[in-house]
Asks: 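Sharing a structure below in structure tokens format, with a few things to ask.
Residues: numbered from 1 along the sequence shown. Side-chain atoms are counted along with the backbone in the values below, which use heavy atoms only and exclude waters and symmetry mates.
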Amino acid sequence: MEPSEDVGGENSGLALPPPPPLPPNVVPIKAEGKKVEAPKKPTIPKRLPMARTGLGKKGQPIPLYTNHFGVKVNNTSGHFFHYSVALKYEDDRPVDGKGIGRRVIDKLQQAYSSELGGKDFAYDGEKSLFTIGALPQKNNEFLVVLDEISSDRVATNGNGSPGGNDSPGEGDRKRMKRPPLSKKFKVEIIYAAQIPMQAIGDALRGRESENSQEALRVLDIILRQHAAKQGCLLVRQSFFHNDPTNFTDLGGGVTGCRGFHSSFRTAQNGLSLNIDVSTTMIVKPGPVVDFLLANQNVRSPYDVDWAKAKRMLKNLRVKTMPNNMECKITGLSELPCKQQCCSFTLKQRTGTDGDCDAEEVTVYDYFVNLKKVELRYSADFPCINVGRPKRPTYIPLEFCTLVSLQRYTKSLSTLQRASLVEKSRQKPQERMDVLNRALKKSNYDAEPMLRACGISINPNFTQVEGRVLQAPRLKAGNGEDFFARNGRWNFNNKKLIQPMTVSKWAVVNFSARCNARQLVSDLIRCGQMKGINIEQPFGEIFEESPQMRRAPPVARVDDMFEQIKTKLPGAPTFLLCLLPERKNCDIYGPWKKKNLAEFGIVTQCIAPMKVNDQYLTNVLLKINAKLGGMNSLLSIEQSHNLGVVSKAPTIILGMDVSHGSPGQSDIPSIAAVVSSRQWPLISKYRASVRTQSPKVEMIDSLFKPVSDKDDDGIIRELLVDFYVSSQKRKPDQIVIFRDGVSESQFNQVLNIELDQIIEACKFLDETWCPKFTVIIAQKNHHTKFFQTNSPDNVPPGTVVDNKVCHPRNYDFYMCAHAGMIVSCS
């Protein structure tokens, strides 16, 4: 048959012959087509942080202490054994309540010590448990009976009674005779893996692996468990004791609680224990009614918004009187105490067994008439429900006291944040004393798991050698050199290098108590001294009408914009906004949103309390930059003496992601990237902003191809701007500063975000291959430095790259600016 013949098709002249008959006892075999594998993409080697090439030498030497304490590990020959833990109720429902796991495991260790080979545990409170050496069995299942000490101890008898089935007046005595309620738990402990303790030594030699990270995690879990046994509140690696001397009132029913952070770190000097002061927010302990008055800023319980109170109180724990039991709040009663009815069973003492009557009374009558307990103020207010939604247990308001160490996870007000910062300040020597006491109070030498690891902790601060770099010199207007004093550059009596003209502008006053006309006059005068030409503002100052002062913030802003629209001849290019309060003004957010998001108007907000030339100079620096001007340049930038940055076109990117406040899980995260422009300058930047999924740290919009030719990503936008503003030159070098990522996310930045940036470059020009440098900046670490011979903060420009830095990675600590009070980090 020729290859060109049409077989079996419409043009076929002859049909195919039938297949030959199969021989007997032959089973046909299905012919399988040859699998064609898709061509594999070339694998790109996984990028890793670069290794340290040496230590720096520039700068004036300075001896320092740091809050790292040396650790010796004498046992590296054993293994950590990792077991997965599953907790279930008796009916096989999984246990999901926080805190219950530690109580169950502690009870298990007490009851089954011999079956477990007498091993000590390191339990993470959830699904992982670690031992040194193996348990006798790989798969273990136990039944644990735990005495119930939560709300079930004061739960109803099934009929909604807040007390129980005892006779009136004898409740306390009968309750003491009754055995405590208990719950049974099934505990499965199943072998998962083993981690060689030698991995810690490998990490100290710069050979990090998954095993070394897991081994250090086990050590941190031991620290957490040790703190939990001391009754601490645990917030990741920060621990908070129930000590009122560590509490500070922030207002609104919120208390700042000072504790300490504790974690093991690998460093050039070996393993170290990093201890630092830490602060978290807790609900103010005490009577529930006092908390509600403070939280809602009202004077009387009659003024409390009970719908808001119900949302605030839900899931908080209280101690109830008179039985002194700890319960969880599940809600509030729908009616006041004197109207809310409940039924209970009352055993009558008639001499016959089993005779009982069900009665329905109000919660108020039950406590006052049957329990003979006085209620001073609860009659007119809702009761606290500590039972279940369908089987409520109602307790009068005044019998409930919030227990201590309950985290407050909602966002703080501006005033609360300012108060927290103010009250958290510590002088360097004071902080060192606090850290010394925290180490002693922790008593890690008594922890059996650490002893089994052969770990001993040096009680002294580690001494390191720092270097103080010279502050960079700036160029101001008229080519004048500009030197720093103690890390600050003062623009008094200096002209700006590129001042702007302020025209078509207006002033709005939201009831600020100041002489607005005098302030405008002083601003124009001070602007002339800086080289900024500020024209007279449009017409009169826009004053807020008195009847709007008590209106909601958004309404006040909308009303002000209506005034502006009706009285101005056209849209202003700049608005100066005078606010009545500096720290907690609720107009600020709506005002900024209206100007920037809806109208694209540049605005500067000020709260003029003390107005002088220094204050006005600082305001003018912001205004000039917002209008596109430039306040100063680096001296070496103007002379094109910035090393490799000046030798080849270089773009500098700064990247960060902002997330919603704690508790706001549905608020989109905001990704922002700024980029330098007008190379060879590096002092002028533009920004690009995108929203992305809530709480996602990796930026997903750096490269966003929408067709074969169009890319809607951030990087293309910034690269095109650099090309247009830099004499049509593409950058040969891209320097990326990435903020806000933890050590566990370094590889994601290098292998996910950097890949997006490279793809965006290739999308513009397939042959373009710029060089990349990624610098990750971390501010939220716990390493602090202290001068050895001075009570002052370390000077600005201090750099440390020895002893307490990473054993392999090229990192360093820098105190880039002057610290006001707290020790520098």
Asks: Salt-bridge test for D106 and K229: reply yes if a basic N is under 4.0 Å from a carboxylate O, no otherwise.
Replies: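 No, this pair does not count.
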Asks: Can a cation-pi geometry be assigned to K138 and Y191, taking NZ or CZ under 6.0 Å from the six-membered ring centre and within 45° of the ring axis?
Replies: yes
Asks: Only pairs at least two apart or in different chains count here, so list each salt bridge (charged side-chain N to carboxylate O under 4.0 Å, His left out) that has a residue in residues 743-753.
Replies: R265-E743, R738-E753
Asks: Is it true that R52 and D811 have a side-chain N and a carboxylate O under 4.0 angstrom from each other?
Replies: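 Result for this pair is yes, salt bridge flagged.
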Asks: Salt bridge (charged side-chain N to carboxylate O under 4.0 Å, His left out): which pairs involve residues 437-446, sequence neighbours left out?
Replies: none
Asks: I'd like to check the side-chain hydrogen bond (donor to acceptor under 3.5 Å, both in side chains) partners of S114; sequence neighbours left out, ordered by chain and number.
Replies: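 Here no residue qualifies.
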Asks: Indicate the ring-plane relationship of F185 and Y89, choosing parallel, tilted or perpendicular according to the 30° and 60° boundaries.
Replies: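 It falls in the tilted class, 30° to 60°.
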Asks: Say whether, by atom type as modelled, one donor and one acceptor occur between the side chain of Y83 and the main chain of L135 under 3.5 angstrom.
Replies: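 Yes, because the side chain of Y83 sits within donor-acceptor range (under 3.5 Å) of the backbone of L135.
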Asks: Salt bridge check, K186 against D92: does any charged N sit closer than 4.0 Å to a carboxylate O?
Replies: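 Answer for the salt bridge query: yes.
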Asks: Check this for me: does any side-chain nitrogen of one of K427 and E430 sit under 4.0 Å from a carboxylate oxygen of the other?
Replies: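 Not counted as a salt bridge, because no side-chain N and carboxylate O are separated by less than 4.0 Å.
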Asks: For F130 and H82, take the angle between the two ring planes, folded into 0 to 90°, and tell me which bin it lands in: parallel under 30, tilted 30 to 60, perpendicular over 60.
Replies: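 Taking H82 first and then F130, their aromatic rings lie parallel (interplane angle under 30°).
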Asks: Taking D276 for the side chain and H261 for the main chain, is one N or O donor matched with an acceptor at less than 3.5 Å?
Replies: no
Asks: Inspect the contact between K319 and E326 and indicate whether a charged nitrogen and a carboxylate oxygen are less than 4.0 angstrom apart.
Replies: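 A salt bridge is absent here (no side-chain N lies under 4.0 Å from a carboxylate O).
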